[in-house]
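Treat the numbers as computed from the prediction; the structure is a model and nothing was measured.
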Amino acid sequence: MMLYFLYLLILIISGILAIPTLILSKKPSAKDLLDKVAPYQGWFGVIIIFIGLIKIIDLLSEANLYFTFGFGGRWVLLLVTAIIMIILGFLLGFNLINNYVLSKNPKSQVTGKNLITKLLPFQNILGIAAIVLGVLLLLMRLF
């Protein structure tokens, strides 16, 4: 139960980190806090990728249980959430991934840069979706 709440907290934080310009436009005083978190954004993104991958593996292994007991809609919602986490993790951690993983292979580096270019326009939408899904899943769990 506690891990689930931690998962939702990480999901909401990743959504907040993905929409800094939107947050700053609404609340300029948040700049100091966002500046403090920015150096760790890459590591947080990598961690989010791993959490999303683990959640997908977990969901695939338990798919029969969800559908057998009539929770198929919840399973789909959790799967979408995990996919969003992986994409947000890639967006947040791209510079770190590029420096440590992709820089060793020029072809991978070009592929990564092409992918990040395609995903960047959706960063705000994915960030907002992560926050909304986090709150929705929290409310579903509590009620």
Membership question, hydrophobic clusters at under 4.5 Å side-chain separation (ILVMFWY): are [Y] and [X] in the same one?
X      : Y      : result
Met85  : Ile54  : no
Leu126 : Val132 : yes
Val46  : Leu6   : yes
Tyr4   : Met2   : no
Leu60  : Val80  : yes

Take atom [atom1] of [X] as the centre, draw a 6.0 Å sphere, and report whether it contains more than 12 heavy atoms from other residues, nucleotides or ligands.
X      : atom1 : value
Phe71  : CZ    : no
Tyr40  : OH    : no
Leu142 : CG    : yes
Tyr100 : OH    : no

Can you tell me how far [atom2] of [Y] sits from [atom1] of [X], rounded to the nearest 0.5 angstrom?
X      : Y      : atom1 : atom2 : result
Ile125 : Leu22  : CD1   : CG    : 11.0 Å
Ile131 : Leu17  : CD1   : CG    : 9.5 Å
Gln41  : Leu91  : CD    : CG    : 9.5 Å
Ile12  : Leu138 : CD1   : CG    : 6.5 Å
Ile10  : Ile48  : CD1   : CD1   : 7.5 Å
Ser25  : Ile19  : OG    : CD1   : 9.0 Å

To check you understand the geometry: which heavy-atom pair defines the closest contact between [X] and [Y], and what is its length?
X     : Y      : answer
Leu24 : Ala30  : CD2-C, 4.0 Å
Ala82 : Ile56  : CB-CG1, 3.5 Å
Leu88 : Ala130 : CD1-CB, 3.6 Å
Leu92 : Gly45  : CB-CA, 3.9 Å
Tyr7  : Leu78  : OH-O, 4.2 Å
Ala18 : Gly127 : CB-CA, 3.9 Å

(request) With Arg74 as the cation and Tyr66 as the aromatic partner, state whether NZ or CZ is under 6.0 Å from the six-membered ring centre and within 45° of the axis. (result) no

I'd like to check [X] versus [Y] (side-chain heavy atoms, cut-off strictly below 4.5 Å). Are they in contact?
X      : Y      : result
Val110 : Leu102 : no
Ile13  : Phe44  : yes
Asn98  : Lys113 : yes
Asn105 : Gln109 : no

(request) Could you please spell out the steps behind the side-chain contact (heavy atoms from CB on, under 4.5 Å) verdict for Asn124 and Thr21? (result) CA-CA 9 Å; Asn124 284 340; Thr21 53; 4.2 Å; yes

(request) Answer yes or no: is there a donor N or O on one side and an acceptor on the other, between the side chain of Trp75 and the main chain of Leu59, under 3.5 Å? (result)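 Present.
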
(request) Could you check Thr81 against Leu8 for side-chain contact (heavy atoms from CB on, under 4.5 Å), going step by step and ending with a plain yes or no? (result) CA-CA 10 Å; Thr81 302; Leu8 294 180; 5.9 Å; no

(message) Salt bridge check, Asp35 against Lys31: does any charged N sit closer than 4.0 Å to a carboxylate O?
(response)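 Counted as a salt bridge, because a side-chain N and a carboxylate O are separated by less than 4.0 Å.
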
